Participant: 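Please find one structure pasted underneath; my questions will follow.
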There are 2 protein chains.
Amino acid sequence: MDTPAPYGHTPANCRAREILGRIGDKWSLYVIAQLSDGTKRFTALKREIDGISQRMLTVTLRGLERDGIVSRTMYPVMPPRVDYALTPLGRTLLEAVSFLTSWAEEHVEEIEATRARYDTRVEEFSALD
Amino acid sequence: MDTPAPYGHTPANCRAREILGRIGDKWSLYVIAQLSDGTKRFTALKREIDGISQRMLTVTLRGLERDGIVSRTMYPVMPPRVDYALTPLGRTLLEAVSFLTSWAEEHVEEIEATRARYDTRVEEFSALD
DNA sequence: CGGGATCCACCGTGATACTG
DNA sequence: CAGTATCACGGTGGATCCCG
């Protein structure tokens, strides 16, 4: 418990960081996007999200469920059946995310150009050795 | 409810993920927030962002500079002086971030309550062993 | 003052195998 | 079908020392 002084609190952005930490990981955004058009089963999600492993889909869904962004409905049948869906809270998040998506859409070219220029400069600079 | 248009497999999510990867790391958001009220020097940023190491401030600033979100101005004087500021692109990002911040502000209590309930349930379930 | 270089601990992620 | 368990790996971030 006495971890030597964690990174101290930081004001209002702290919460935004926490949120970003939740949806900013490798898979959450894809899961949320796939659930934006309705309830889906585990396997359907796995099939639609290219490259995700069984484990990471489970881990991601658990995290989103924990924060009330995704709901999980289990049917005690054989074989097992589990449905996942966005909660009302999850759908409000969708709105915030689409704002970021729009920003990304609008500026992706500018960013990539800037990045390429930066990398070229660094490369040229390194060549001075 | 007026959720934004459903977005399925669109590459848009990839770009949004890339953006989240940029600002969703541990420190970028704090750096951006601190630069929102004007140009600042390295040491000033380090002083204002509680808990950040010299290394991580450098790394974070380089990343933001690479993507054209932050500008870096070096003065060849002794002792060295370097100014950092948000670029116009960086300031447009500020808008998107404040949207997420608002979302976090509005729902942080709900999320924390849900999270606490979830953890309690898991705890009780584990106690069944 | 504003870094760069190095070493290291942690943990998020992936691959694989097993299960109710 | 929908997971859990285990191991291995790489990247992120922290601590420290040094330099122009």
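Letters go in sequence order (proteins before strands), and every chain restarts at 1. Everything numeric here is computed off the predicted structure, so don't read it as measured data.
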Participant: List, with names and distances, any nitrogen or oxygen atoms from the protein found under 3.5 Å away from nitrogen or oxygen atoms belonging to nucleotides 11-17 of chain C.
Facilitator:
residue, atom, partner, partner atom, Å
dT13(C), OP1, K26(A), N, 3.2
dG14(C), OP1, K26(A), NZ, 2.8
dG14(C), OP2, W27(A), NE1, 3.0
dG14(C), N7, R55(A), NE, 3.2
dG14(C), O6, R55(A), NE, 3.3

Participant: Using heavy atoms and a sub-4.0 Å distance, could you list which residues of residues 72-81 of chain A are near DNA chain C? By number, please.
Facilitator: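 By residue number: P80(A).
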
Participant: In whole Å, I'd like the distance from the OH atom of Y30(B) to the C1' atom of dG13(D).
Facilitator: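 Roughly 14 Å, once rounded to whole Å.
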
Participant: Return the set of residues passing salt bridge (charged side-chain N to carboxylate O under 4.0 Å, His left out) with K46(A) (not counting sequence neighbours), or none when no residue passes.
Facilitator: none

Participant: Rounded to the nearest angstrom, tell me the gap between atom CG in L57(B) and atom P in dC1(C).
Facilitator: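 My rounded result for the distance is 14 Å.
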
Participant: Sequence neighbours excluded, which residues qualify as side-chain hydrogen bond (donor to acceptor under 3.5 Å, both in side chains) partners of W27(A)?
Facilitator: none

Participant: Could you give the CD-to-P distance, from E65(A) to dA2(D), as a whole number of Å?
Facilitator: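 That distance rounds to 15 Å.
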
Participant: With sequence neighbours excluded, what pairs up with R62(B) under the salt bridge (charged side-chain N to carboxylate O under 4.0 Å, His left out) test?
Facilitator: none

Participant: Among residues at least two apart in sequence or on other chains, which ones pass ring-ring contact (aromatic ring centres under 6.0 Å, His included) with F99(A)?
Facilitator: F99(B)

Participant: Grab the CG-P distance between L45(B) and dG3(C) for me, whole Å please.
Facilitator: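 L45(B) atom CG is separated from dG3(C) atom P by 10 Å.
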
Participant: Using a side-chain heavy atom cutoff under 4.5 Å and only I, L, V, M, F, W and Y, what cluster partners does Y75(A) have?
Facilitator: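 The other cluster members (ILVMFWY side chains, heavy atoms under 4.5 Å, direct or chained) are V77(A).
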
Participant: Hey, is the side chain of Y84(B) poking within less than 4.0 Å of OP1 or OP2 on dG3(C), counting only N and O atoms?
Facilitator: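 So the side chain of Y84(B) is within the cut-off, an N or O lying under 4.0 Å from OP1 or OP2 of dG3(C).
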
Participant: In whole angstroms, how far is the C1' atom of dA2(D) from the CG atom of D83(A)?
Facilitator: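 For the pair D83(A) CG and dA2(D) C1', the rounded distance is 12 Å.
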
Participant: If a pair satisfies salt bridge (charged side-chain N to carboxylate O under 4.0 Å, His left out) and one of its residues is in residues 83-102 of chain B, list it, with sequence neighbours excluded.
Facilitator: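 Those involving residues 83-102 of chain B are R81(B)-D83(B).
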
Participant: Which ILVMFWY residues can you reach from M78(A) by hopping between side chains whose heavy atoms are under 4.5 Å apart?
Facilitator: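 Members other than M78(A) - counting any ILVMFWY side chain reachable under 4.5 Å - there are none.
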
Participant: Assess the side chains of Y84(A) and R72(A): does a donor N or O sit below 3.5 Å from an acceptor N or O?
Facilitator: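 There is such a pair (donor and acceptor under 3.5 Å, judged by atom type) between the side chains of Y84(A) and R72(A).
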
